[in-house]
Protein chains: 2
Amino acid sequence: MRNGNITDHEAKDVVGAGVDEALPAARPSTGARRNPASADAIRQAAADILAEDGYARFSIEAVARRARAGKPTIYRWWPSKAALLLDVYHRQKQGVVNPDTGDLVEDLTAFLDSLFRHWRDTPTGPVFRSVIAEAQSEDSAAEALRSYMEGRFSHSAKMIERARERGEVAAHVDPRLAIELVVGFAYIRLLTGRLDMETAAVRAAVCLFVDGWRAAPAARP
Amino acid sequence: MRNGNITDHEAKDVVGAGVDEALPAARPSTGARRNPASADAIRQAAADILAEDGYARFSIEAVARRARAGKPTIYRWWPSKAALLLDVYHRQKQGVVNPDTGDLVEDLTAFLDSLFRHWRDTPTGPVFRSVIAEAQSEDSAAEALRSYMEGRFSHSAKMIERARERGEVAAHVDPRLAIELVVGFAYIRLLTGRLDMETAAVRAAVCLFVDGWRAAPAARP
DNA sequence: TTATCTAAACGGGCCGTTTCGTTTAGTCAA
DNA sequence: TTGACTAAACGAAACGGCCCGTTTAGATAA
């Protein structure tokens with residue numbers, strides 16, 4: 001699942017950290033003795049259905065059928081559809097880079113490029129879109145999404161913090177807000193199905209963030 | 001429904017234009033003679049359910065019950081759940097300002113402020129979130145959302161075009177891309193339930209867009 | 001008369017839960 | 001080491017309930 005489009009010397013670390021234990025850590029609700037069992041088959045079936053048929057056909061019954069598992073088994077391990085969705089997503093989001101090239105524009109371009117590619121070329125895109133959809137009608141999913149985004153922001157904001165330490169970014173810039181603007185752009189592209197951006201176009205967008213839009217140097221204090 | 005928080009002399013026009021006929025214009029599928037009939041009651045019931053119970057409880061059966069209408073009547077006039085949703089949304093999105101104060105930061109701040117307030121204080125927020133959720137599993141909703149966003153971008157980009165004509169914004173800035181960044185920020189806030197921003201915080205975000213993040217004036221050509 | 005309406009009912013699917021035997025992994029005596 | 005015991009976890013099937021999109025029947029109104 002490693003993404004080869006960002007060369008290795010550029011990639012500082014691979015995301016996946018930061019929020020790894022916000023999920024309802026698969027474990028039977030009773031004080032049990034036994035082991036997970038068919039949990040992997042269930043996750044795999046869920047991911048396959050999402051990738052092949054999309055969220056519309058994602059149901060616990062369909063997952064159970066495909067995994068040759070009983071519905072009660074699924075409900076024992078995951079309290080809700082949203083929990084299963086988030087579990088599947090968390091295990092797929094490896095592979096997005098958090099680069100450290102020494103230049104902010106390059107870092108952000110590589111980050112967005114990698115994110116778009118990841119969402120486009122792996123089941124992660126459909127899965128994440130499903131999580132967002134579910135979060136619009138299910139409180140537990142909304143809360144999970146919120147806390148996931150929180151972690152994502154904190155983690156990715158480090159790119160901007162490093163740039164600020166290098167003196168590349170002004171001191172008054174809040175890295176968390178800044179990265180939220182960048183992720184917001186990725187978000188709107190994902191949800192409206194427009195992920196097919198050339199690297200040059202991604203860089204142009206990043207420059208709009210970093211350099212601003214003003215014709216003359218900014219005069220604001 | 002007019003929003004009084006932006007004073008009148010600042011508001012150039014009230015949005016609602018631009019995409020008003022992308023929707024599947026309520027009309028019976030047969031070549032009919034009669035009039036709409038209970039269409040208004042149906043739309044009202046749909047809006048009420050979304051506002052009171054959220055998308056989770058929004059079903060054609062529930063709308064029909066509440067409007068004391070028959071399900072076939074609804075299906076005759078709106079081909080899908082998504083069509084009814086979009087119809088309701090289109091009739092509620094009046095009231096967001098598209099300001100022209102002569103200053104880009106003020107314009108965008110007022111725009112975002114008004115959008116957040118509108119999404120927070122009217123049923124529009126839940127309704128739009130529902131449209132987005134529906135678009136993740138229903139092709140027709142996805143297409144309608146895409147074309148709606150297209151129109152929204154084109155319309156709001158005029159704020160930036162005006163600033164560019166005033167010489168406030170550099171010539172190389174693409175107004176459509178720029179406004180997409182701004183709307184992306186609003187989007188991520190809506191979908192993660194964080195619309196409660198002070199005007200000052202909104203302005204700070206806008207300044208990050210307009211002025212950029214760099215410590216020193218940008219050196220890019 | 002004729003098109004539209006409400007209301008009721010259709011078969012089908014999924015929800016989350018309960019019931020029912022069966023499988024399976026740890027425990028412990030022989 | 002082996003074999004029997006025990007109890008958690010299992011798959012399958014069925015529950016009542018809600019909703020889907022469609023069909024039918026009978027009332028209503030231009």
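Computed from a predicted model, the values in this text were never measured in an experiment.
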Arg57(A) meets the side-chain contact (heavy atoms from CB on, under 4.5 Å) criterion, sequence neighbours left out, with Asp53(A)

Quickly work out the Arg68(A) CZ to dT23(C) C1' distance and round it to whole Å.
15 Å

Mutual orientation of the aromatic rings belonging to Phe116(A) and Phe185(A) [parallel < 30°, tilted 30-60°, perpendicular > 60°]
perpendicular

Under 4.0 Å, counting only non-hydrogen atoms across every strand here, what does Arg57(B) touch: a base, just sugar-phosphate, or nothing?
nothing

Is any side-chain nitrogen or oxygen of Arg76(A) closer than 4.0 Å to OP1 or OP2 of dC10(D)?
yes

Rounded to whole Å, please give me the gap between CD1 in Ile49(B) and C1' in dC18(D).
14 Å

Choose from dG11(D), dC14(C), dA7(C) the nucleotide whose nearest atom is closest to any side-chain atom of Thr73(A).
dG11(D)

Could you state the atom-to-atom distance from CZ of Arg66(B) to P of dT6(C) in whole Å?
17 Å

Would you tell me if any nitrogen or oxygen in the side chain of Trp77(A) comes within less than 4.0 Å of OP1 or OP2 on dA8(D)?
no

Any non-hydrogen side-chain atom of Pro123(A) less than 4.5 Å from a side-chain atom of Leu50(A)?
no

Excluding sequence neighbours, so at least two apart, what forms salt bridge (Lys or Arg N to Asp or Glu O under 4.0 Å) with Glu180(B)?
Arg189(A), Arg194(A)

Between dC19(D) (C1') and Asp53(B) (CG): distance, integer Å
15 Å

Touch class at under 4.0 angstrom, heavy-atom based, for Ala69(B) against every strand present
sugar-phosphate

Taking N or O atoms only and anything under 3.5 Å, show me the protein contacts with nucleotides 15-17 of chain C, one pair per line.
residue : atom : partner  : partner atom : Å
dC15(C) : OP1  : Ile60(A) : N            : 3.0
dC15(C) : OP2  : Ile60(A) : N            : 3.1
dC15(C) : OP2  : Glu61(A) : N            : 3.0
dG16(C) : OP2  : Tyr75(A) : OH           : 2.3
dG16(C) : O5'  : Tyr75(A) : OH           : 3.4
dG16(C) : N7   : Lys71(A) : NZ           : 2.9
dG16(C) : O6   : Lys71(A) : NZ           : 2.7

Just wondering, more than 12 heavy atoms not from Arg68(B) lying within 6.0 Å of its CZ?
no

Would you indicate whether the side-chain heavy atoms of Ile132(B) and Gln136(A) approach each other to under 4.5 Å?
no

